[in-house]
Each structure stands twice: as structure tokens, then as C-alpha cells.
Amino acid sequence: MAITQKLREQVSPVLGRLLRGRRAGVRHSVRSAPELQAPVEIGLVSPDFHHEGMIAEANRAPANTSPGLAWHGVPEGTLQLLLVVEDIDAPFKKPLIHALALIDPELSHLESGALAEDSERVRLLPGSFGRRGYHGPKPLPGHGEHRYGFHLYALDALLPATVSGLDEVLRAADGRVLACGFLEGRATDDGSGAESAEQTRGVRGRRRGINLRDLRH
């Protein structure tokens, strides 16, 4: 049963501090997935934040406006682009997927807000908790700074129309990745003291019987 908003506001900072040492981590990131390894790099940038910089308020929850993205270096033979946005510091076993999309390879950029809904050139797939579209950062209060990876992959095949969710995408994309690009943004809750993931990684936490799904962002 979902907890009330008031109780959520009271409990979230406490839970965040308890879970500071619990983070999905890079080893569970798609960046480490053997199915998505590639020998060629795609240049990936955003006009809304620089690499390893703070993600703008407009691109965070609750606004949830996806940042603009631009890329270059997509190799010949690319039939589809795959975009994965993940939070590797979420207090779960695996990173939370904030966006999952298949993109027309003729595109070289996405305007701000382009991941709000399906279009002729962008197909949105379900991310964490079955959510489609872009869901901006909102770290658990007290949990410290989170890192958000924007990963772009050039595929030499079209993924099946039935593919749904990251696990299915990984299986379908295995052996099909020609090149990849990476851009990282960061975000922290105002009440967290802006502590970095590196500073808080060593602190151990416990769930204490509270369902993390009730506090998801």
C-alpha cells in the first residue's frame, strides 16, 4: 500500500541518509554491458549541460523536460540509434532507467522535450517501473549526488517491433553495436548537502521495512 504524501516527505530524508552507501554502481550500468560494447566512439553533447555538470532544473523532475542532445560520428551502416538514460546511483541493485528510446539514424540531434512522446522518428520504450518517455532526475532526499548517464548506440540492425524494456533490448542488440557515445550529468536533492557519490559510497544503509517503490523517482 502506498504511503501518504506527508509520511513520504517525513520518511524520505531519513531513508536517503540510511541508504547513502547503497548504489547500483558502474558495474551494473549499460556502459559495462557486454552486449553494448563497441570499438568506435560517437561524440555526444547537450546544449543544456556539459559533461559531468549539473543537470538543469528544467530537465529534472517534476518538469521532466528532456534535455537537448546532439551527436556526430555515427558510422556508415547504422540502421537505428538506441538511447539509454540511467541513474547509476539509485539505491537499487540495478540503475534506474529514466529513458529508453529507438531513434531514426538520419537524425543528428534531439530538441529539448523530444522524449515526451512517440513520434515518426523516435520510438519510446518502457524504462524502470514500466514508465515511457523521459523522467528527469530527483534523487532521494539525503542520498547525495547522483550520476545520470546518457548512452547512445549505433546499431547495424532494426530491433524487433515487439522489443520492450532494457533486458529485451540488450538481448536484441547483442552483436549489433557499431559505435557508442556517452554523456554524464549530475543532480542532487537540495537537502542532501550536495555530497558526491564518491563521498557517500562507503556508508551502509538499511531499508527498515519501507518499500522503495513508494519513493521512486
Side-chain angles (χ1 to χ4, degrees), residues 24-55 59 66-90 94-115 118-128 132-137 146-187 197:
V26 175
R27 71 189 184 96
H28 295 298
S29 165
V30 294
R31 198 175 186 187
S32 302
E35 300 93 338
L36 298 179
Q37 299 306 302
V40 178
E41 184 176 342
I42 296 172
L44 180 61
V45 297
S46 173
D48 298 315
F49 66 94
H50 60 82
H51 181 57
E52 298 185 344
M54 300 302 289
I55 294 175
N59 306 128
S66 57
L69 296 171
W71 53 86
H72 62 86
V74 173
E76 284 190 39
T78 298
L79 297 184
Q80 195 168 55
L81 296 172
L82 166 66
L83 176 68
V84 183
V85 181
E86 63 175 0
D87 174 6
I88 66 170
D89 290 308
K94 294 182 180 181
L96 290 185
I97 304 303
H98 283 251
L100 187 62
L102 298 174
I103 303 170
D104 186 330
E106 296 299 319
L107 291 178
S108 60
H109 71 282
L110 290 176
E111 298 288 349
S112 177
L115 298 176
D118 284 319
S119 67
E120 290 184 1
R121 309 184 84 173
V122 178
R123 175 185 162 205
L124 301 175
L125 303 176
S128 292
R132 293 178 185 268
Y134 174 83
H135 293 268
H146 282 210
R147 295 163 292 172
Y148 295 83
F150 291 71
H151 307 265
L152 187 68
Y153 301 95
L155 308 179
D156 68 359
L158 297 174
L159 298 191
T162 56
V163 74
S164 178
L166 181 61
D167 288 343
E168 291 186 17
V169 166
L170 290 177
R171 289 193 292 269
D174 192 5
R176 297 296 186 178
V177 181
L178 299 175
C180 60
F182 174 66
L183 174 67
E184 184 176 271
R186 300 178 180 237

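For clarity, every value in this text was computed on a predicted model and none was experimentally measured.
- Applying the side-chain contact (heavy atoms from CB on, under 4.5 Å) rule to A24 yields the partners P95; only residues at least two apart in sequence or on another chain are considered.
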Could you give the side-chain donor-acceptor pairs of residues 160-167 under 3.5 Å, partners two or more places apart or in another chain?
none

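- Partners of D156 under the salt bridge (Lys or Arg N to Asp or Glu O under 4.0 Å) rule, at least two apart in sequence or in another chain, are R176.
- F49 and Y148 have their aromatic ring centers separated by at least 6.0 angstrom.
- Note: R123 CZ to L83 CG = 14.0 Å, rounded to the nearest 0.5 Å.
- Residue pairs meeting the side chain to side chain donor-acceptor pair (under 3.5 Å) criterion with at least one member in residues 77-86, sequence neighbours excluded, are S29-E86, E86-H151.
- You'll find the side chain of L69 stays beyond 4.5 Å of the side chain of L152, heavy atoms only.
- In this view, V45 and A70 satisfy the side-chain contact (heavy atoms from CB on, under 4.5 Å) rule, not counting sequence neighbours.
- Residues passing the side-chain hydrogen bond (donor to acceptor under 3.5 Å, both in side chains) test with R121 are D104, sequence neighbours excluded.
- Partners of Q37 by side-chain hydrogen bond (donor to acceptor under 3.5 Å, both in side chains), not counting sequence neighbours: none found.
- Judged as a ring-ring contact (aromatic ring centres under 6.0 Å, His included), and not counting sequence neighbours, Y134 has no contacts.
- Residues passing the side-chain hydrogen bond (donor to acceptor under 3.5 Å, both in side chains) test with H109 are E111, sequence neighbours excluded.
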Stepwise side-chain contact (heavy atoms from CB on, under 4.5 Å) test for E168 and L159: CA-CA 10 Å; E168 291 186 17; L159 298 191; over 6 Å; no
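- Counting only heavy atoms from C-beta outward, the side chains of V84 and V169 never approach each other to under 4.5 Å.
- Residues S128 and I97 come closest through the heavy atom pair OG-N, 2.7 Å.
- Pairs of residues two or more places apart, or lying in two chains, never qualify as salt bridge (Lys or Arg N to Asp or Glu O under 4.0 Å) while including a residue from residues 25-36.
- For H51, the side-chain contact (heavy atoms from CB on, under 4.5 Å) partners two or more places apart in sequence, or in a different chain, are F182, L183, E184.
- Side-chain contact between L155 and L81 is absent, with no heavy-atom pair separated by less than 4.5 Å.
- Listed by first and then second residue, the salt bridge (Lys or Arg N to Asp or Glu O under 4.0 Å) pairs involving residues 66-85 amount to none (not counting sequence neighbours).
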